[in-house]
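Below: one structure, written as structure tokens.
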Amino acid sequence: MILILCYMTIRINLCFSSNPYSLRTLSVDGHFSFDEVHHAAEDFGNMFQLLPLAVLYPKSVSDIATTIRHIWKMGPNSELTVAARGHSHSLQGQAQAHQGVVINMESLQGPEMHVYTGNYPYVDASGGELWIDILRECLKYGLAPKSWTDYLHLTVGGTLSNAGVSGQAFRHGPQISNVHHMEVVTGKGEVLNCSEKQNSDLFHSVLGGLGQFGIITRARISLEPAPDMVRWIRVLYSDFTTFAADQEHLIGAETMFDYIEGFVIINRTGLLNNWRSSFNPQDPVQASQFHSDGRTLYCLELAKYFNRDTADALNEEVGNSLSQLRYITSTLFQTEVPYIEFLDRVHVSEVKLRAKGLWEVPHPWLNLLIPKSKINDFADEVFGNILTDTSNGPILIYPVNKSKWDNRTSAVIPEEDIFYLVAFLTSAVPSSTGTDGLEHILTQNKRILEFCEIARLGMKQYLPHYSTHEEWKAHFGPRWEVFSQRKSTYDPMAILAPGQRIFQKAISFS
Ligand SMILES: Cc1cc2nc3c(=O)[nH]c(=O)nc-3n(C[C@H](O)[C@H](O)[C@H](O)COP(=O)(O)OP(=O)(O)OC[C@H]3O[C@@H](n4cnc5c(N)ncnc54)[C@H](O)[C@@H]3O)c2cc1C
Ligand SMILES: Cc1ccn(-c2ncnc3[nH]cnc23)c1
């Protein structure tokens, strides 16, 4: 009889303790919403909608820690998970939590952003801060972060959970190479400070860690003096090998340019219009005589930072650097814009696309990291045979230096010293069954991935999306042991970032 009573007591406790609605009794500085949860099941990809049980709007770090500790104490019986939601610009539900708790990181209020202007300047910011707001605050002191993403309306926690890559990465490394210190809430609800010297394994785990090991509540980001202006340059190539060789030459010459990217122009119509947009031709007559004749072209995009008081030397310096490149002479286009306007350039596209109702559409993006030794084979097949009529959005392609990446972080990159980011940034036309429809683009993405696999290119996905345990193990390769060991250490019940679909929640006993 006593045994039966004990068993029933345990079962009742387990039921209460694992009851997700016990969150309603949790005392936090901020608040939970159990009603307005649909927006937390949306992201930029517009392809996954995983409805959470509740959204936490935290006012303090302790709100996050209290919530995670409460779920941790529920034990393996609880199926509750927790997803930190930055600006929800993920593509395949990575910031969502099906029937779990989504934490609205942009609500987090804590110490204001602090800019340290002494030697080795830095900014301390919330994990929920947008990079555009960090830039605006730092510019008040003539400073700015060194490494960026192309688009700034993303959060610190969101980009540091991936890597944060743009045209400055060849010199400064990705954003995860420019972090001094972080405050993190682990999957056990511990609030820990970490850096190279303090809790260094947690520090390296979280950087590029896909949200698996802890929620970044604050980060200290390295700064440099900000330039006033940017000389923004675009030149065209018709031969990929020459284009790539020039890019690789430039990323090895540390000082010539401050930003090096590139993109592919696939157009069979022969019309080259919007890529020129606000750029002025060096030689308008020659430029007007240039015709793409329907060829696939490769645009090298460069930026040279300068200040108004050093503008005189700029032309000679840029001219000397450009003289070493083998682009089509009549295709040199340049413009000069303020630094913040250059950095916020993709937001300009956003405003235009939103005005046309073309921003909140499905985005089946595919971001690949390709080793230098295989990039020509990749280009031949993908730009020669797979993508032959149009591209449904920008296709970025540019090299970075592996030496600027820290292999102790969780970021997964190819083995070679130089590797390329190739980003297929497609937008699908809702309900279209044509070549601009979601199915067609997903099929093309599948063909590209299959080619990479069959040709054994050594490709790694950036912003990775996989559906099976085997695919994730293959993604991490020899680093899987460390990655899964780190999960066991910092989030043993697999509470965090379920939307990445890497680890399944501990199987409940019920
Ligand atoms: C228009 C556009 C342009 C882009 N350009 C670039 C680019 O140039 N370079 C580049 O590298 N990326 C780029 N990205 C991708 C972008 O960096 C990632 O999608 C990033 O994760 C989005 O940031 P977010 O704040 O929206 O994160 P969310 O989508 O909210 O979250 C992303 C992941 O991180 C986790 N997470 C969020 N906040 C935290 C936190 N504080 N602590 C721990 N985990 C957290 C989430 O749970 C989720 O798993 C671009 C995306 C878009 C939409
Ligand atoms: C959805 C969209 C519209 C423009 N873009 C971009 N354009 C250029 N570079 C980019 N990098 C990331 N997104 C980019 C992305």
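Counting starts at 1 for both ligands and their atoms, in listed order.
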Query raised in the report: Any donor and acceptor pair, going by atom type alone, linking the side chain of Y490 with main-chain N or O of L202 inside 3.5 Å?
Result: yes
Report summary line: For F44, the ligand 2 atoms with a heavy-atom partner under 4.0 Å come out as 1 (C)
Query raised in the report: Going by atom types only, do N392 and H440 share a side-chain donor-acceptor pair under 3.5 Å?
Result: no
Report summary line: Restricting to heavy atoms, the pick from W365, W131, F213, Y462 nearest atom 1 (C) of ligand 1 would be W365
Query raised in the report: Any non-hydrogen atom of W359 lying under 4.0 Å from ligand 2?
Result: yes
Query raised in the report: Looking only at heavy atoms of N162, does any of them come nearer than 4.0 Å to an atom of ligand 1?
Result: yes
Query raised in the report: Is NZ or CZ of R220 both nearer than 6.0 Å to the six-membered ring centre of Y122 and within 45° of the ring axis?
Result: yes
Query - H363 N/O to ligand 2 N/O under 3.5 Å - result: no
Report summary line: The option among A83, S161, S90, G499 carrying the non-hydrogen atom nearest to atom 44 (N) of ligand 1 is S161
Requested in this report: Identify, for atom 11 (N) of ligand 2, the protein heavy atom at the shortest distance, and state residue, atom and that distance.
Outcome: D150 OD2, 2.7 Å
Query raised in the report: Do K372 and E248 meet the salt-bridge criterion of a basic N to acidic O distance under 4.0 Å?
Result: yes
Query - Residue, atom name and distance, where the atom is the protein heavy atom closest to atom 5 (N) of ligand 2 - result: V346 CG1, 3.7 Å
Query raised in the report: Within the side chain of Q92, is there an N or O that forms a donor-acceptor pair under 3.5 Å with the backbone of Q500?
Result: no
**Report entry** Nearest non-hydrogen protein atom, atom 27 (O) of ligand 1
**Finding:** G158 CA, 3.5 Å
Query raised in the report: When you check the gap from the basic side-chain N to the acidic O, do R171 and D258 get nearer than 4.0 Å?
Result: yes
Query raised in the report: Identify the closest protein heavy atom to atom 4 (C) of ligand 2: which residue and atom is it, and at what distance?
Result: S349 CB, 3.9 Å
Report summary line: Numbered in order shown, the ligand 1 atoms found under 4.0 Å of a heavy atom of G214 are 43 (C)
Query raised in the report: What is the closest protein heavy atom to atom 24 (P) of ligand 1, and at what distance does it sit?
Result: H87 N, 3.4 Å
Query raised in the report: Purely on distance, is any nitrogen or oxygen of I216 under 3.5 Å from one on ligand 1?
Result: yes
Query raised in the report: Among protein heavy atoms, which lies nearest atom 6 (C) of ligand 1, and at what distance?
Result: T149 CB, 4.0 Å
Query raised in the report: Is it the case that S147 and Q175 place a side-chain donor and acceptor less than 3.5 Å from each other?
Result: no
Query raised in the report: Any N/O of S166 closer than 3.5 Å to an N/O of ligand 1?
Result: no
Query raised in the report: Looking only at protein heavy atoms, which one is nearest to atom 9 (N) of ligand 1, and how far off is it?
Result: V165 O, 2.7 Å
Query raised in the report: Quick check: does any side chain N or O of D63 sit under 3.5 Å from a backbone N or O of Y57, one acting as donor and the other as acceptor?
Result: no
Query raised in the report: Which is closest to atom 38 (N) of ligand 1 by heavy-atom distance: G164, G157, A95?
Result: G157
Requested in this report: Look only at interatomic distance and state if W359 has a nitrogen or oxygen under 3.5 Å from any nitrogen or oxygen of ligand 1.
Outcome: no
**Report entry** Parallel, tilted or perpendicular: ring planes of W232 versus F279, cut at 30 and 60 degrees
**Finding:** perpendicular
Report task. Starting from atom 13 (N) of ligand 2, locate the nearest protein heavy atom and write down its residue, its atom name and how far away it is, to 0.1 Å. Result -> L425 CD1, 3.4 Å
Requested in this report: Please say whether G86 places an N or O atom under 3.5 Å from an N or O atom belonging to ligand 1.
Outcome: yes
Report summary line: Going by the 4.0 angstrom heavy-atom rule, the piece of Q175 near ligand 1 is neither
Query raised in the report: Taking C-beta and beyond as the side chain, do V156 and L130 meet within less than 4.5 Å on heavy atoms?
Result: no
Query raised in the report: Distance only, no hydrogens: is a donor on one side chain within 3.5 Å (strictly under) of an acceptor on the other, for H475 and Q461?
Result: no
Report task. Using a strict cut-off of 4.0 Å, indicate which atoms of ligand 1 neighbour a heavy atom of M105. Result -> 41 (N)
Report summary line: ligand 2 atoms nearer than 4.0 angstrom to some heavy atom of P394 are 7 (N)
Query raised in the report: Is the charged tip of R345 near the ring of F342: under 6.0 Å from the six-membered ring centre and within 45° of its axis?
Result: yes
Requested in this report: Flag T155 as yes when one of its N or O atoms lies below 3.5 Å from any N or O atom of ligand 1, and as no otherwise.
Outcome: yes
Requested in this report: Looking only at protein heavy atoms, identify the closest one to atom 14 (N) of ligand 1 and say how far it is in Å.
Outcome: L154 CD1, 4.0 Å
Requested in this report: Check if L353 has a non-hydrogen atom at a distance under 4.0 Å from any atom of ligand 2.
Outcome: yes
Report task. Using distance alone, with no hydrogens and no angle criterion, decide if S90 and D43 have a side-chain donor and acceptor under 3.5 Å apart. Result -> no
Query raised in the report: Counting from 1, what ligand 1 atoms have a heavy atom of Q94 closer than 4.0 Å?
Result: 46 (C), 47 (O), 48 (C), 49 (O)
Query raised in the report: F503 and ring-ring contact (aromatic ring centres under 6.0 Å, His included): which partner among W472, F476, W480?
Result: W480
Requested in this report: Under 4.0 Å from a heavy atom of D150: give me the atoms of ligand 1 that qualify, with their elements.
Outcome: 7 (C), 8 (O)
Requested in this report: Report the nearest protein non-hydrogen atom to atom 3 (C) of ligand 1: residue, atom name, distance rounded to 0.1 Å.
Outcome: Y151 CB, 3.4 Å
Query raised in the report: Relative to the heavy atoms of L396, which atoms of ligand 2 are at a distance of less than 4.0 Å?
Result: 9 (N), 10 (C), 11 (N)
Query raised in the report: Going by distance alone, is a donor N or O of one side chain under 3.5 Å from an acceptor N or O of the other, for T426 and W365?
Result: no
Query raised in the report: Hey, looking at atom 36 (N) of ligand 1, which of P498, A97, S88, A84 has the closest heavy atom?
Result: A84
**Report entry** Atoms in ligand 1 with a heavy atom of G211 nearer than 4.0 Å
**Finding:** 44 (N)
Report summary line: Taking only non-hydrogen atoms of T159 and a 4.0 Å limit, the atoms of ligand 1 in range are 17 (O)
Query raised in the report: Can S200 and E196 be counted as having a side-chain donor-acceptor contact under 3.5 angstrom?
Result: no
Query raised in the report: Do any nitrogen or oxygen atoms of L463 lie less than 3.5 angstrom from nitrogen or oxygen atoms of ligand 1?
Result: no
**Report entry** Note: E106-R85 ion pair, threshold 4.0 Å (strictly below)
**Finding:** no
Query - Check: F48 ring centre within less than 6.0 Å of H465 ring centre - result: yes
Query raised in the report: Using 4.0 Å as the upper bound for N to carboxylate O, is an ion pair formed by D491 and K188?
Result: no
Query - Protein contact of atom 26 (O) of ligand 1 - nearest heavy atom, named by residue and atom, plus distance - result: H89 N, 2.7 Å
Query raised in the report: Charged N to carboxylate O below 4.0 Å: is that the case for K146 and E224?
Result: no
